[in-house]
Amino acid sequence: MNEAVMREEVVAARGIKVAFGAVKALDGADLVLRAGECVGLVGHNGAGKSTIVNVINGGLSPQEGTVSYGGAAGYHGIAAARASGVRCVFQELSLCPNLTVTENVRVMHGDLKGFGWRRRGLSLVSGQLDEIFPGHRIDCDSTVEDLSIAERQMVEIAISFAACTERPRLVILDEPTSSLDAGLAAQLMTYVRRFVAAGGSVLLISHILGEILSTCDRIVVMKDGKVVADRPATDFDTRRLVETMGSVVREHGFQRTAKEKAREPILSMEARHGSQLGLQAFSGEIIGLAGLGGHGQTEALLDLYLSANSNWWPAREPKMAFVAGDRALNGTFSLWSIRRNLSISSLKALSSRSMVDPALEDGLSDTWKKRIEIRTPDMHNPILSLSGGNQQKVLFARALATTARIVLMDDPMRGVDVGTKQEVYEILRAEAAAGRTFIWYSTEMDEIRLCDRVYVFRDGAIAAELVGDQITEANVLAASFAGGEAA
Amino acid sequence: ETADKKIALSNNYAGNSWRQAMLTSWDKITKEAVSNGVVAAADAFTTAENQATEQAAQIQNLILQGYDAIVINAASPTALNGAVKEACDAGMVVVSFDGIVTEPCAWRIAVDFKAMGESQIEYLAKKMPEGGNLLEVRGLAGVSVDDEIHAGIQAGVEKNPQFKIVGSVNGDWAQDVAQRAVAGILPSLPEIKAVVTQGGDGYGAAQAFAAANRPIPTIVMGNREDELLWWKQQKDANGYETMSVSIAPGVSTLAFWVAQQILDGKDVKKDLVVPFLRIDQDNLEANLEKTEKGGVANVEYSLEDAQKVIGAAM
Amino acid sequence: MRLSSGTIRMIIPAASLAVLLVAVFYMQPRAMSYTGLNLLFNLAVPIALATIAQMLIMAVNDLDLSMGTFVSFTACVTATFLQSSPALGVLILLGAVAAYALMGIVIYVRQLPSIVVTLGMSFVWGGLAVLMLPSPGGEAPGWARWLMTSKPPYVPMAIVASIVIAVLTHLLVMRSSFGVLIRGVGGNARSVERAGWSVVGVRAAAYGLAGFFGVLSGIALVGLTTAADANIALRYTLLSIAGVILGGGEFVGGRISPIGAVIGALTLTLAGSFLSFMRISPDWQIGAQGAILIVVLALRLLLNRLEKRENNR
Amino acid sequence: MTATRALFGKAWIWSFAATALVWIVTVLFTGGASSVGLSQAALTFAAFSVIVGIGQMFVITLGPGNIDLSVPANMTLSGTLALKLMDVQDGMILAGLLVSILIGIAIGVCNFALIKLLRIPPIIATLSMSFIVQSTAIWANRGLRIKPPETLASFSTAYTFGIPNVALVALLLSFVAWVLLEKTIYGRWIAAIGQSPFAARMAGIPVDGTRFVTYVLCAVLAAICGYLLASFSGGAALNMGAEYLLMSIAVVVIGGTAVAGGNSNVPGIWGASLFMFLVVSMLNTYGFGAGIRLILTGFIIIAVILAAGGKQATR
Ligand SMILES: Nc1ncnc2c1ncn2[C@@H]1O[C@H](COP(=O)(O)OP(=O)(O)OP(=O)(O)O)[C@@H](O)[C@H]1O
Ligand SMILES: Nc1ncnc2c1ncn2[C@@H]1O[C@H](COP(=O)(O)OP(=O)(O)OP(=O)(O)O)[C@@H](O)[C@H]1O
Ligand SMILES: [Mg+2]
Ligand SMILES: [Mg+2]
């Protein structure tokens, strides 16, 4: 404690209040970050984490409270924050998709200019990528839109840590691992420790409590716009952390339902990309798609979905529903209210003679607002007023509200807090018991373990099928790497 | 001797009945000439959009194709000068008509649009010496024909101060645009004695007056069949009197013959003038009969007519 | 080898231009000469400049419906003031560029749809042009005429000018660190702002540059035509948009290609010429222009297929 | 209080406010004498802009890049062929309308075929299509002007309770369009596609089918407008749609439809259509020359959009 006080203050935000209309996003929150420490920031969805990041970053002016950089109060704003060495990796990816990786470095680093900037930018970012994610395979001359979501996240992280003329003093990581698989996440955490050891400071926001506990020196817990705990990481364990956040810890006392394979599968996909294994799904099953990120799981889900849904004729009964993981790209309709975002897939059921019945629509949206606790005072508010995790919940509700027998999920828990995850798991189990089938791509081992059956993907093809007790971290990892280019 | 010569028509616009009549006349006369072996070819080219730049490109292509003469109805009197100069430099004969070009190396078969405007006022002055309020329907802003006819009308009004132009709208030489514009200004206008027009817009103006339940003034027509027909109906019903004036679409055939004569080595003056085609109360029926249903009153020229025009200018 | 999306954006328009050019040469061998090429392409130069201007606006996710009237306006200024009193002419043109920059600022600050603002401005430019030249006329300044009709050795002016425009704008928009910002604003304005840039400044610069290229287009046009009128370039609005698209650009997302845009402008001009080399009945000549555009774009699809780009999407 | 706030939150209110202002200024010129005549003329001519504008709005709602430039040629062909078919016989009026609609459907299908099968961006696909359609119209009757059947002509120029019949037709079509957009599943679908076609597809919307229907709908409305306009102005002319290219887009965007797609409104089109007619009438009435008139029109449009402000709602 004593040591921490002595350390230089990088950013201090005190008594911050921010309200969006009736929503108090921040209600007198304090956050002080010092050099040479890694601070974890946790809290439920909509607790105000991203908002305080925006305040520190200078993008949002608080209605009350002060922000000071390096101890000097008085000036605030994006320019001031950047001048004091504050860098930020935002929750929603914020690269320019039309630019190459190198060009994005130029956008993020104002001092990269003049003759030969391209060469310098390239060596800067590729060097930094090598340092954080050794063994990565990103071509820094490729356009960002050609990269996978995980690669984009890696690039953004690398750009933020890169030192063009001077090293960043504080790097804020808002859910940096939400799209990374376990291996990449571990690499990042290792680098964060090194960065901190060298005197930098990091603010890490994550819903994966394990990495917070193992990486951070100090943990700040937020709840409803207030800081409810600010203590050294050693004072916490998972259970205490979850309880401080205001959720109840539930045990993984989870019984897999043994499904007899004799019945007709309700869905099957041919073996592809040179694999011997195809994909089959039976009614009432939860099927996991595992493997390293970006090895064809999303493509498989998209293929399944697109082949089952006509692009020309409206389906009488939707066969499948889809929960997007990349919500900005293929999830939300940004001009619309939460209600409309939620109901769009179920309009058939909500209408008579093709006319949408507003009463039924309101009923549906109210039901789901309660059922998975979408934090908003009014479902008529625009979807973008929701926190990231809450937007994700709306997408979940959209799919579950349909009558589709099969639900495809593309890493749907990105950015969903622990408490809600537990609730969603419950819902999934109940729905599966009622005969719904889920096909679930996840980058988190905890979630893979919840599945009845797991297909492990490697290089676009299915490398292994694991059933029941075979589903262990060791087996999944083995299948993700083993075998080389055999198939 | 022009049997092996090729002539091209460069036309900037085909989107109204006047231009269609012009193309039809061209087609009719030149086909005959080609089959009689007077010239080797006489092809018509039209651009998609009424734009000088596009027509300039078209002329440049015609140069590449090696025509001996180009007959032009120009989108702009000046904007084609660059392309016309290039054609002349390539040794081609360039004859412009209706929409003429100012480039000195080209021949011009011009209609005195200013006189055409002035003649409208003169007619009105004779018909109603007491004068009165006029509504002017103009063409497309920024185009020379519009400016010249307008100048003529203005000169006429200056000479006959008993007339006063109380309203002026742009009808773009199209019935529906004229109708829209006149309908918009009409409610605010005092009693109108006559409407002076530029052609292609008289019927629209008449429609607008009828829709507004206003007494129909003397509307100067522009030789379109529907205008003449309406005039005839009014004339039969209540003795309506007016005049109709426009340039005859068949002037394209005159230009063709002039080009042929120049290629033949005849000495032709650079500036020729053709009279405009005027229809009056007494020859209305005769002209109406000659005019194709839905078309424009027309005069086509033969070689002899052309030689007469050339001779007159000498 | 995997081609980057940027390379493909350039290869496909270039290939369709080449195919069209071969077809023209086949139909009219005379075009395959110094003068022939000049005649085929010299009117593409002002279009290319207007297309670049439009491209800069589209780079920041806007659309300029006033491009045609703006070029007409600058052409009128060139043929009148710039010719008779150059100082005043330059001042007016500078004012026009400033008006463009201002337009960029107003659109951003007030969050207005660019389409409506430029639609309004198209009336304004058109009105100013009509006031300046109520009937066609004016005269090209001698230097503009000289520039556009000069005959450099070996390669005709039209080709030289197109290449110079393509290379310069490529360096400016695709290679310079400033061009990255313009495209970045189109790609993700929010992140550019978060990185500490003034988005409004970048947009003002993009609009100002567009105005500058619009001015160049007007000057080049008058240099070719020797005189101006108020309606001289109305068609450039659609042509410039079509040129950008044909060149592989997109309406949103800052995906543009200056070389592609110049090629697009050349292709559009050539498509028109191709038509006059085919003897079609006047009734169908207009329709044939449409058909040619369709064929050229269908060619694009074919080449796209060949590149197997379809699979990536 | 909240009611007025909600009202001013609507983008279309500004086009109506501007319309009212321009109307008053114009009527003041004659001390009020012209009010009825001007209103009737405005309603009549706004009606045509409204009909094509609605179709264009549906297409624009589909998202960036979606636009139909074949509207003018479509109007010309539909008017030309329908009048030719009817050949001044009253008995053929319905047949003529049917032909118009069929032409609209055909053009819409061709437009979408170019867009979908050949992957041509809509702006160029519909432009190319318009050239072909225009040629067809020229070929069909070489620009000759055929009169409409007497009954049809008098219907389209007559008034019911002082309101022009064409305006009533436009009102009816607007109402149908409003219901389609605001109340039906189809309306939701096009708005969703306009915001993100990919997200729409992943939400189970038949994206191509919806876009197809929308392009056909736009073409059919343009064709009906061509039919009405030809009947109203006493015959089809080859250039009769020319004005409606810019107009159809202008009334949509001035009316407050987000050009980025995904958001649209029908009342705004009425406001904008009346406004576009009245502005020209006002400037004509006050006797401005063409140059000044154009400049003022431009500034007034910009002033309206400045007053309406941006879409603050979508932060
Ligand atoms: N632009 C906005 N308009 C209205 N409300 C907003 C806006 N941005 C955030 N909010 C609200 O502020 C609250 C805090 O949001 P914030 O994004 O900070 O949550 P978070 O802690 O980051 O949650 P998550 O873990 O889901 O990312 C939420 O209730 C959210 O709905
Ligand atoms: N129950 C409600 N509580 C609060 N505001 C409401 C409620 N119902 C409607 N409103 C508000 O009234 C206005 C019009 O309501 P309407 O039901 O037409 O919504 P809308 O415009 O269709 O949009 P959305 O359904 O996306 O909110 C909207 O601004 C909406 O936010
Ligand atoms: Mg957040
Ligand atoms: Mg989150």
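Below, read A as the first sequence line, B as the second, and so on, with proteins coming before strands; counting in each chain starts at 1.
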Within 6.0 angstrom of Lys348(A) NZ, more than 12 heavy atoms from elsewhere: yes

Can you say whether [X] sits under 4.5 Å from chain D via the side chain, the backbone, both, or neither, judging by heavy atoms?
X         : answer
Phe333(A) : both
Pro314(A) : both
Ser310(A) : backbone
Thr402(A) : neither
Leu306(A) : both

Give the minimum heavy-atom separation between [X] and [Y], together with the two atoms involved.
X         : Y         : result
Ala203(D) : Arg398(A) : CB-NH1, 4.0 Å
Asn309(A) : Gly204(D) : OD1-CA, 4.2 Å
Trp336(A) : Arg188(D) : CH2-O, 3.3 Å

Pro197(D), Pro206(D), Ala200(D): which one forms the most heavy-atom pairs within less than 4.5 Å of chain A? Pro206(D)

Please identify, among Ile205(D), Thr184(D), Ile185(D), Val213(D), the residue contributing the most non-hydrogen atom pairs under 4.5 Å to chain A. Ile185(D)

Options Leu395(A), Leu347(A), Asn341(A), Asn311(A), ranked by heavy-atom pairs under 4.5 Å with chain D, top entry: Asn311(A)

To the nearest 0.5 Å, tell me how far [X] [atom1] sits from [Y] [atom2].
X         : Y         : atom1 : atom2 : answer
Trp189(D) : Ile344(A) : CH2   : CD1   : 8.5 Å
Leu302(A) : Met202(D) : CG    : CE    : 4.5 Å
Asp208(D) : Trp313(A) : CG    : CH2   : 12.5 Å

Those residues that, when tested against Arg201(D), pass salt bridge (Lys or Arg N to Asp or Glu O under 4.0 Å) (two or more places apart): none

